[in-house]
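What follows is a single structure, written as structure tokens, with notes after it.
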Amino acid sequence: MLKKVVIIGGGGNGLVVAQIVLDLIKAGEPVELVGFLNDNIPVGEYIERWPVLGAPHEWESLDGDVSFVYALLSVGKMKVRADKFKQLNIPHNRLATLVHPSASISFNVQLGSGVVVAANAVIQSGAKIGDNCFIRANANLGHDVTLDNLVDIGPNSTLCGYAHVEEGVQIAPNSVVRDSVRIGTYSTVAAGAAIFKDVAPGATMLGNPAKRIR
């Protein structure tokens with residue numbers, strides 16, 4: 001059965017998702033990108049080759065066989081992003097999970113609704129991925145890692161076994177999180193940071209070893 005997908009967002013992160021859809025189509029997967037929902041671009045205009053179908057809050061006006069990927073993302077605004085998504089009240093059965101053909105997902109990984117897994121990402125045995133998480137290219141999630149909802153894992157990042165990342169965390173590219181460490185809600189791990197200890201909610205961590213800068 002053909003999976004019809006609409007991206008909530010625009011250029012940038014939305015087009016990252018669009019490329020994953022295109023790669024799935026090339027691999028023979030029955031998926032179609034129908035268009036975008038966007039607050040700033042008028043209906044009928046295009047984001048690259050795909051039409052804008054309305055604003056995000058108008059998702060209910062689309063056919064019931066359409067599913068959605070929430071691709072809005074601004075660095076440092078993860079709480080705002082999460083609140084906007086929750087206000088939309090999109091049910092789980094209308095959220096599309098997209099896994100790039102080149103990703104490696106262990107047999108017993110649990111993927112939530114609306115998850116996006118990008119090219120060459122690896123998710124190892126026993127990992128649990130919450131709803132609306134984005135796992136970017138070449139990220140490596142170790143065994144029994146847990147991601148709560150609305151987490152963004154940057155390219156080339158590594159999370160070692162049993163790490164637990166709470167809701168709304170943003171982990172920037174090339175970061176490393178030690179095994180069994182817990183990353184608190186809506187905190188930020190800066191690019192290249194090495195996390196060896198638990199991170200408090202809302203903290204920003206930078207460096208190797210990482211220190212709190214905010």
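Worth saying up front: this structure is predicted, and the values here are computed from it rather than measured.
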In Å, rounded to the nearest 0.5 Å, how long is the span from [atom1] of [X] to [atom2] of [Y]?
X      : Y      : atom1 : atom2 : result
Ser187 : Arg182 : OG    : CZ    : 11.0 Å
Thr158 : Asn174 : OG1   : CG    : 9.0 Å
Ile135 : Leu147 : CD1   : CG    : 5.5 Å
Tyr186 : Lys79  : OH    : NZ    : 5.0 Å
Ile213 : Met205 : CD1   : CE    : 9.0 Å
Ser67  : Asn93  : OG    : CG    : 9.5 Å

If hydrophobic clusters are built from ILVMFWY residues whose side chains come within less than 4.5 Å, do [X] and [Y] share one?
X      : Y     : value
Ile90  : Leu72 : yes
Val116 : Trp50 : yes
Val21  : Val52 : yes
Ile20  : Val66 : no
Val34  : Leu15 : no

Flag the pair [X] / [Y] as yes when at least one side-chain heavy-atom distance between them is below 4.5 Å, and no otherwise.
X      : Y      : result
Ile47  : Ile7   : no
Ile171 : Val165 : yes
Val117 : Ile123 : yes
Phe196 : Asn208 : yes
Val17  : Phe134 : yes
Asp148 : Val169 : no
Val69  : Leu95  : no
Leu53  : Phe36  : no

> Would you say the side chains of Gln124 and Asn140 form a donor-acceptor pair under 3.5 Å?
Replying inline: yes

> Do the side-chain N and O atoms of Asp23 and Gln19 include a donor-acceptor pair separated by under 3.5 angstrom?
Replying inline: yes

Any donor-acceptor N/O pair, [X] side chain to [Y] backbone, under 3.5 Å:
X      : Y      : answer
Ser104 : Ala121 : no
Asn38  : Gly9   : yes
Arg178 : Cys160 : no
Ser180 : Tyr162 : no
Asp198 : Val181 : no
Lys3   : Thr97  : yes
Asp63  : Asp65  : no
Gln87  : Lys84  : no
Glu166 : Thr185 : yes
Asn108 : Gly126 : yes

>> side chain to side chain donor-acceptor pair (under 3.5 Å) for Asp39 and His57? Distances and angles first, verdict last.
In response: CA-CA 9 Å; Asp39 275 326; His57 69 271; 4.7 Å; no

Closest heavy-atom pair and its distance - [X], [Y]:
X      : Y      : answer
Ala193 : Ala210 : CB-CB, 4.2 Å
Gly142 : Ala127 : O-CB, 4.3 Å
Ser175 : Ala190 : OG-O, 3.0 Å
Ala27  : Pro101 : CB-CG, 3.7 Å
Leu150 : Ala82  : CD1-CB, 3.6 Å
Tyr46  : Pro51  : CD2-N, 3.5 Å

> Can you list the steps and then say if Asp131 with His92 is a side chain to side chain contact (heavy atoms under 4.5 Å, CB included)?
Replying inline: CA-CA 8 Å; Asp131 298 335; His92 283 191; 2.9 Å; yes

> Can you name the one residue among Val176, Thr204, Leu206, Ile195 that meets side chain to side chain contact (heavy atoms under 4.5 Å, CB included) with Val189?
Replying inline: Ile195

>> Students often mix this up, so state it plainly: with edges at 30° and 60°, are the rings of Trp59 and Phe68 parallel, tilted or perpendicular?
In response: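 Ring orientation, 0 to 90° scale: perpendicular.
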
> Is the number of heavy atoms from other residues, nucleotides or ligands under 6.0 Å of Arg212 CZ greater than 12?
Replying inline: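 Yes, enclosed.
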
>> Walk me through whether Ile153 and Leu159 qualify under side chain to side chain contact (heavy atoms under 4.5 Å, CB included).
In response: CA-CA 9 Å; Ile153 304 295; Leu159 277 63; 4.1 Å; yes

> Can Leu141 and Ile129 be said to form a side chain to side chain contact (heavy atoms under 4.5 Å, CB included), step by step?
Replying inline: CA-CA 10 Å; Leu141 275 58; Ile129 311 302; 3.7 Å; yes

> So Asn13 and Arg136, side chain to side chain donor-acceptor pair (under 3.5 Å) or not? Walk me through it.
Replying inline: CA-CA 11 Å; Asn13 201 50; Arg136 299 182 183 277; 2.8 Å; yes

> Yes or no on side chain to side chain contact (heavy atoms under 4.5 Å, CB included) for Leu2 and Lys4, after CA distance, side-chain angles and deciding distance?
Replying inline: CA-CA 6 Å; Leu2 183 66; Lys4 297 180 180 179; 4.3 Å; yes

> Should Arg81 and Glu167 be marked as a salt bridge (Lys or Arg N to Asp or Glu O under 4.0 Å) after you check the CA-CA gap, both sets of side-chain angles, and the distance that decides it?
Replying inline: CA-CA 11 Å; Arg81 173 181 183 264; Glu167 179 174 302; over 6 Å; no

